[in-house]
Novice: 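One structure, pasted below without further comment.
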Amino acid sequence: MGQGITATGESGLADATSDPGCIFCLIISGKIPSTVVRETERTFAFRDIAPQAPTHVLVIPKTHAYPNAAALGAGDPELAAELLREAGEVAAAEGLTGDGYRIVFNTGDHAGQTVYHVHLHLLGGEPLGRFGTPA
Ligand code: 5GP
Ligand code: ZN
C-alpha cells in the first residue's frame, strides 16, 4: 500500500487520505459497490461481504491514514472515539443494544487482518461463540 493521496472524490473530505489500491477506499468512493448502513463526515459503515453473524457491519474512518486501531488511537483519538460512537449507533439501529454485540479490531497477521485500512467489525444478532481459538 502506498503513502496515499489526497481524496477529492465522493467522500467530500479534502483532507482524507486515500489509496487507490485499498478495497475500503474504493468502497468509500463508490467505485466498488457496498451496502451502506450509515455515513458521517468522517466515517462510513457498510455490511461485510462475508458475514460472520446475522449482523456484521464494518465501521471505518474515511481516511486511509491509519492501518489499525492502535495507530488510529495514537494518531487521532477523536476519530477513534467517533468510530466507537458510530458502532453504537449502528448497533442501536440494528436492534442489538438489548441482547448485546461484539466489536472487533483485527490487528496484523495472527489476527487475520486482511485490509490495512483500520476497520471495526460489529457482530451480533445471535449468541456469539468464544474467540481467540488458534486457527
Ligand atoms: P479483516 O480480516 O481485515 O479484519 O476484515 C476485512 C473484512 O473485509 C472481511 O471480513 C471481509 O469479508 C471484508 N471484505 C473484503 N472485501 C470486501 C468487499 O469488497 N466488500 C465488503 N462489503 N466487505 C469486504
Ligand atoms: Zn483505504
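All residue numbers in this chain count up from 1 along the given sequence. We count ligands from 1, going down the list as the structure has it; atoms in each ligand are counted the same way.
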Novice: Enter the distance from Thr63:OG1 to His117:NE2 here, rounded to the nearest 0.5 Å.
Specialist: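 Nearest 0.5 Å value for the OG1-NE2 distance: 6.5 Å.
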
Novice: Looking only at protein heavy atoms, identify the closest one to atom 5 (O) of ligand 1 and say how far it is in Å.
Specialist: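 Answer, as residue, atom name and distance: His119 NE2, 3.0 Å.
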
Novice: Atom CG of Leu123 and atom CD of Gln52: how far apart are they, to the nearest 0.5 Å?
Specialist: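 Taking CG in Leu123 and CD in Gln52, the distance rounds to 7.5 Å.
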
Novice: Give a yes/no on ligand 1: does Leu58 have at least one heavy atom closer than 4.0 angstrom to it?
Specialist: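 True for this residue.
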
Novice: Which distance, rounded to the nearest 0.5 Å, do you find between the OG1 of Thr55 and the NE2 of His121?
Specialist: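 If I round to the nearest 0.5 Å, the distance is 14.5 Å.
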
Novice: Any idea which protein heavy atom is nearest atom 17 (C) of ligand 1, and the distance to it?
Specialist: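 Scanning the protein heavy atoms, the shortest distance from atom 17 (C) of ligand 1 goes to Ile49 CG2, 3.7 Å.
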
Novice: What distance separates Leu58 CG from Ser34 OG, expressed to the nearest 0.5 Å?
Specialist: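 Separation between the atoms: 9.5 Å.
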
Novice: Which residue and atom name correspond to the protein heavy atom nearest atom 13 (C) of ligand 1, and how close is it?
Specialist: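 Here the closest protein heavy atom is Asp48 OD2, 3.4 Å.
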
Novice: If I compare all heavy atoms of Ala65 with all of Thr17, which pair ends up nearest, and what's the gap?
Specialist: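 Shortest heavy-atom separation between Ala65 and Thr17 comes out as N-OG1, 3.0 Å.
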
Novice: Which heavy atom in Thr40 sits nearest to a heavy atom in Lys62, and how many Å separate them?
Specialist: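 Nearest pair, atom of Thr40 first, then Lys62: O-NZ, 2.8 Å.
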
Novice: Working to the nearest 0.5 angstrom, can you tell me the gap between Leu84 CG and Ile103 CD1?
Specialist: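 With rounding to 0.5 Å, CG (Leu84) is 6.0 Å from CD1 (Ile103).
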
Novice: After noting the C-alpha distance and the side-chain angles of Glu94 and Tyr101, does the key distance pass the side chain to side chain contact (heavy atoms under 4.5 Å, CB included) rule?
Specialist: CA-CA 10 Å; Glu94 298 282 318; Tyr101 52 90; over 6 Å; no

Novice: At what distance is the nearest protein heavy atom to atom 2 (O) of ligand 1, and which residue and atom is it?
Specialist: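 For atom 2 (O) of ligand 1, the nearest protein heavy atom is Gly112 O, 3.0 Å.
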
Novice: Taking side chain as C-beta onward, heavy atoms only, is Ile60 less than 4.5 Å from Phe46?
Specialist: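 When only atoms from C-beta onward are counted, Phe46 and Ile60 do touch, with a gap below 4.5 Å.
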
Novice: Within ligand 1, which atoms have a heavy atom of Ala50 less than 4.0 Å away?
Specialist: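 The list of qualifying atoms is 12 (O).
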
Novice: I'd like to check whether Ile32 has a polar contact with ligand 1, where a contact means an N/O of the residue lying under 3.5 Å from an N/O of the ligand.
Specialist: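 Checking ligand 1 against Ile32, no N or O pair falls under 3.5 Å apart.
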
Novice: Have a look at ligand 1 and work out which part of Ile27, if any, has a heavy atom under 4.0 Å from it: side chain, backbone, both or neither.
Specialist: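 Ile27 to ligand 1: side-chain contact only, backbone stays beyond 4.0 Å.
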
Novice: Flag yes if more than 12 heavy atoms outside Glu78 fall under 6.0 Å of its CD atom; otherwise flag no.
Specialist: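 Result for CD/Glu78: open.
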
Novice: Which single N/O/S atom of His64 lies at minimum distance from the Zn ion (ligand 2)?
Specialist: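 The closest N, O or S atom of His64 to the Zn ion (ligand 2) is ND1.
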
Novice: Among all the protein's non-hydrogen atoms, which is closest to atom 8 (O) of ligand 1, and how far away is it?
Specialist: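 Protein heavy atom at minimum distance: Phe24 CZ, 3.5 Å.
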
Novice: Within the 4.0 Å heavy-atom shell around Phe46, which atoms of ligand 1 are there?
Specialist: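 Per the distance check, 21 (C), 22 (N).
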
Novice: For atom 19 (O) of ligand 1, find the nearest protein heavy atom and state the residue, atom name and distance (0.1 Å precision).
Specialist: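 That would be Ile23 CD1, 3.5 Å.
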
Novice: Of all the heavy atoms in Phe105, does at least one lie under 4.0 Å from an atom in ligand 1?
Specialist: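 It does not; every heavy atom stays at 4.0 Å or beyond.
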
Novice: Which heavy atom of the protein is the closest neighbour of atom 22 (N) of ligand 1, given with residue, atom name and distance?
Specialist: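 Heavy-atom neighbour on the protein nearest atom 22 (N) of ligand 1: Arg47 O, 2.8 Å.
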
Novice: Can you measure from CD1 (Ile23) to OH (Tyr116) and round to the nearest 0.5 angstrom?
Specialist: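 The CD1 atom of Ile23 sits 15.0 Å away from the OH atom of Tyr116.
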
Novice: Write out the residue and atom name of the closest protein heavy atom to atom 3 (O) of ligand 1, then the distance separating them to 0.1 Å.
Specialist: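 It is Thr114 N, 2.7 Å.
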
Novice: With a cutoff of 4.0 Å, is Ser34 in contact with ligand 1, counting heavy atoms of the residue only?
Specialist: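 Per 4.0 Å heavy-atom rule, Ser34 does not contact ligand 1.
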
Novice: Can you tell me, to 10 degrees, how wide the angle at the Zn ion (ligand 2) is between SG on Cys22 and ND1 on His117?
Specialist: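 For SG of Cys22 and ND1 of His117, the angle centred on the Zn ion (ligand 2) reads 110°.
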
